[in-house]
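Down below is the structure, laid out as structure tokens.
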Protein chains: 2
Amino acid sequence: MNRRGSTGNGTTRRRARSGPITIEDVAAKAGVSAATVSRTLNGNYPVATATRSKVERAVRELGYVVNAHARALAGNTTRTVGIVVNDVIDPFFAYIARGVEREATGRGRLCLIAATQGDSRRELALVDLLHEQRADAVVLVGGAYDDPTFTKQMTKRAEALAAAGSVLVLCGRPSLGPDVPTVQVSYDNEGGAAAITDYLIGAGHRRILYLGGPTALSTTAARLAGHRRALAARGIPVEEDLIQTGEFGRRFGYHRLRELLAAGIDATAVFAANDMVAAGALEALTEAGLRVPADLSLVGYDDLPVAAEVAPGLTTVHVPLEEMGREAIRLALAEEDSDTNAAPGSSIMVGTHIVTRASVGPPAAGRPLRRQS
Amino acid sequence: MNRRGSTGNGTTRRRARSGPITIEDVAAKAGVSAATVSRTLNGNYPVATATRSKVERAVRELGYVVNAHARALAGNTTRTVGIVVNDVIDPFFAYIARGVEREATGRGRLCLIAATQGDSRRELALVDLLHEQRADAVVLVGGAYDDPTFTKQMTKRAEALAAAGSVLVLCGRPSLGPDVPTVQVSYDNEGGAAAITDYLIGAGHRRILYLGGPTALSTTAARLAGHRRALAARGIPVEEDLIQTGEFGRRFGYHRLRELLAAGIDATAVFAANDMVAAGALEALTEAGLRVPADLSLVGYDDLPVAAEVAPGLTTVHVPLEEMGREAIRLALAEEDSDTNAAPGSSIMVGTHIVTRASVGPPAAGRPLRRQS
DNA sequence: GTGAAAGCGCTAACAA
DNA sequence: TTGTTAGCGCTTTCAC
């Protein structure tokens, strides 16, 4: 409905209309052709200065705003990128999203964002939706689903995207397989974990409780792997009682450590799988009347804001999340912009480093540790 | 480049092509017309069951993905909404963004997001960009700019959007004026501030330090106004020394309170203009060896995650941020979907309530308070 | 229930 | 430097 009449209009005057202002309207008002208006607006073609000002004036007076969809359709270029996250609140995702948004904006792209709420089917549907939008790149962040069916379905979408000249970017999540056309941005998850475990060992700790993080998912299981590796490298036996995996949230850290404390734990330090878990652990410790780091040392992972906000500040592994988001777009658009379909799937790994705050000290004497009084 | 050849193809067979798969390809494969494919896909028109399955099969086998831009152009419907925030990291914005994203997704819309980084000119440019995208609604969140030129420019955009059948939504930010076509979602900023001040008074406090928040911007100045109003209502004189406005960040809370503590302050409670400031204040207090709430009570505003994360938990004013985001989209799309151009600018105010945690107690005896030792 | 045809608003050859 | 002319891929009358 509300379509403009055909051009077969009896009068020679501009036809009276109510619809949106189009490039034709601007052209008419400026006394030039639509092509000239287009060229002026896009500035990718020589236009006489006088013509240019006439056009600009007409645009201003008419309040003309180009229709991005018409442009996308005709020009075969959308100037948008998509990002799919678990949840826009979670700082882990939010920082990556910030990097994506900033880099995209810097390259003149708008950013489509969608949240899965941890639902893998929604994730697939959202990738489709972003494909429909013909986004120049679709970035998938963190939190993968460890399910072969899912992997197959996502692989199909990666291929479809690639066939359509776009690209699926895996940001901080496991690969879909060697032959799947994706771009990958990862960080040294295992290395960071090994480094901070080694840091704890260097501070004199031998009995370190590993707390939190799912057991299965490869990306995050890497942290535990790094922990084990560091222990092994120093010849410290791994005691399975000291490996307490579970979830990634603050609540898990609080509750599990609370239980452990009630039973009494024989450890001098806690390595929480991420800062959220660490914050929960700290709460349990404080509640139990235990001081950090005097009674127990504590480290986290990710270097989220909460690590700096708790008291004492958390020594943790810094992950350059925002940088990863930027890198995701850089890589994706590099493939895109350089017309070469050459690079079948570039991939990059960013480094991590330890941020020292106040939560680590030498091992305390008395053990096992229990809730006080 | 890469355009398909004209239809004047010598052969009767499907022409060999490499370009994207279009609705025509699906139609050919299913042995129906493009119109039928369209109707099947949109499900808004009767299609024979047999035909439907043929089409669905063709879609699946070809891996066809509809082109949203072509659809938008032809159907005059984009199914996207836009949101402009200061920064995607800031929980205040992130929660509202979550509401917008969820409500939009629930209504089959995709969400375009962009961040201003506090730059008003960027904000104007981003609204233009979202207009180009023909977003069904453009939501502007918080952080307004107190500048008549800016207001005029944004007003122009609100009008342009309205003329184009879209709508500008002001979410938690001041009105552009009575005649500007916008939708507004606000919260009871002043009421919340009055309520929590009254809560403090009820707990026995008479000398309350108000800390943080810009002096100028109307939205946030409302908090100070509410504070004053509650004091006045109880007949407590306002002492200007106890009004310490400034910024909205954690750093401000920390540094300003630290200075005040060094000089000694004669107050029994602190009302921080938001939870960030409160967190900073708490840090300064802890560092000074003062206990909350034993030595000093402390309240915040917004009920951001940090309020629950610090120890002791902050008693604060809960602002239903996510709900505001949802409401923004509901209102905007209600105007949109009900074709009535009737509602010139609906507006809604959501309520706030106090969340009680552990940071408020009875007034301490000894005063003035100083840094200990 | 289905097809043919027109056109959404723009860009990109190709001429001039 | 500018205008003319085809479409981009889809939806939607209007017929049948």
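Chain letters run A, B, ... following the sequence lines, proteins first, then strands; residues in each count from 1.
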Let me see the working for B/Glu56 and B/Arg52 under salt bridge (charged side-chain N to carboxylate O under 4.0 Å, His left out), right down to the final yes or no.
-> CA-CA 6 Å; B/Glu56 283 167 350; B/Arg52 151 158 283 120; 3.7 Å; yes
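- For the residue pair A/Gln153 / A/Thr149, no side-chain donor-acceptor distance below 3.5 Å is found, with atom types taken as modelled.
- Here the C1' atom of nucleotide D/dC10 and the CG atom of A/Leu73 are 8 Å apart, to the nearest Å.
- Listed for the B/Ser38 side chain is no donor-acceptor partner under 3.5 Å among the backbone atoms of B/Ala34.
- Listed nucleotides: D/dC8, D/dC10, D/dG9. Nearest to the side chain of B/Arg71: D/dC10.
- With no hydrogens or angles considered, no side-chain donor-acceptor pair links B/Asn76 and B/Arg134 at under 3.5 Å.
- Side-chain atoms of A/Glu159 and A/Thr155 form no donor-acceptor pair, as typed in the model, at a separation below 3.5 Å.
- Of the residues in residues 60-68 of chain A, A/Tyr64, A/Val66, A/Asn67 come within less than 4.0 Å of DNA chain C through at least one heavy atom, sorted by number.
- A/Leu168 and A/Ala158 make their closest contact through CD2-CB, 3.7 Å (heavy atoms, listed as atom of the first residue, atom of the second, distance).
- Residue-to-nucleotide proximity on DNA chain C shows that, of B/Thr51 and B/Arg134, the 5′-proximal contact is made by B/Thr51.
- Following rounding to the nearest Å, B/Glu24 (CD) and C/dA4 (P) show an atom-to-atom distance of 10 Å.
- Atom pair B/Arg79:CZ and D/dC10:P shows a separation of 17 Å (rounding to whole Å applied).
- With contacts defined as side-chain heavy-atom distances shorter than 4.5 Å, the pair A/Leu129/A/Gln133 does not qualify.
- Taking atom CD1 of B/Ile21 as the reference point, atom P of D/dG9 lies 11 Å away to the nearest angstrom.
- B/Gln133 places its CD atom 13 Å from the P atom of C/dC10, with the value rounded to the nearest Å.
- Residue whose closest nucleotide on DNA chain D sits further toward the 5' end, between B/Thr77 and A/Ala50: A/Ala50.
- Residues from residues 37-48 of chain B with heavy atoms under 4.0 angstrom of DNA chain C, sorted by number: B/Arg39, B/Pro46, B/Val47, B/Ala48.
- Closest contact between the side chain of A/Ala35 and the listed nucleotides D/dG9, D/dT4, C/dG3 involves D/dT4.
- Of the residues listed (B/Thr80, B/Asp136, B/Thr78), the one engaging B/Arg109 in a side chain to side chain donor-acceptor pair (under 3.5 Å) is B/Asp136, and it is the only one.
- Among residues two or more places apart in sequence or in another chain, the side chain to side chain contact (heavy atoms under 4.5 Å, CB included) test is passed with A/Phe150 by A/Ser120, A/Glu123, A/Leu124, A/Tyr145, A/Asp147, A/Met154, A/Arg173.
- Listed pair A/Thr36 / D/dG3 meets the phosphate criterion, a side-chain N or O lying under 4.0 Å from OP1 or OP2.
- If you measure from atom CG of A/Asp25 to atom C1' of C/dC8, you get 13 Å, rounded to the nearest angstrom.
- Phosphate contact (OP1/OP2 of D/dG3, side-chain N/O of A/Ser33, threshold under 4.0 Å): present.
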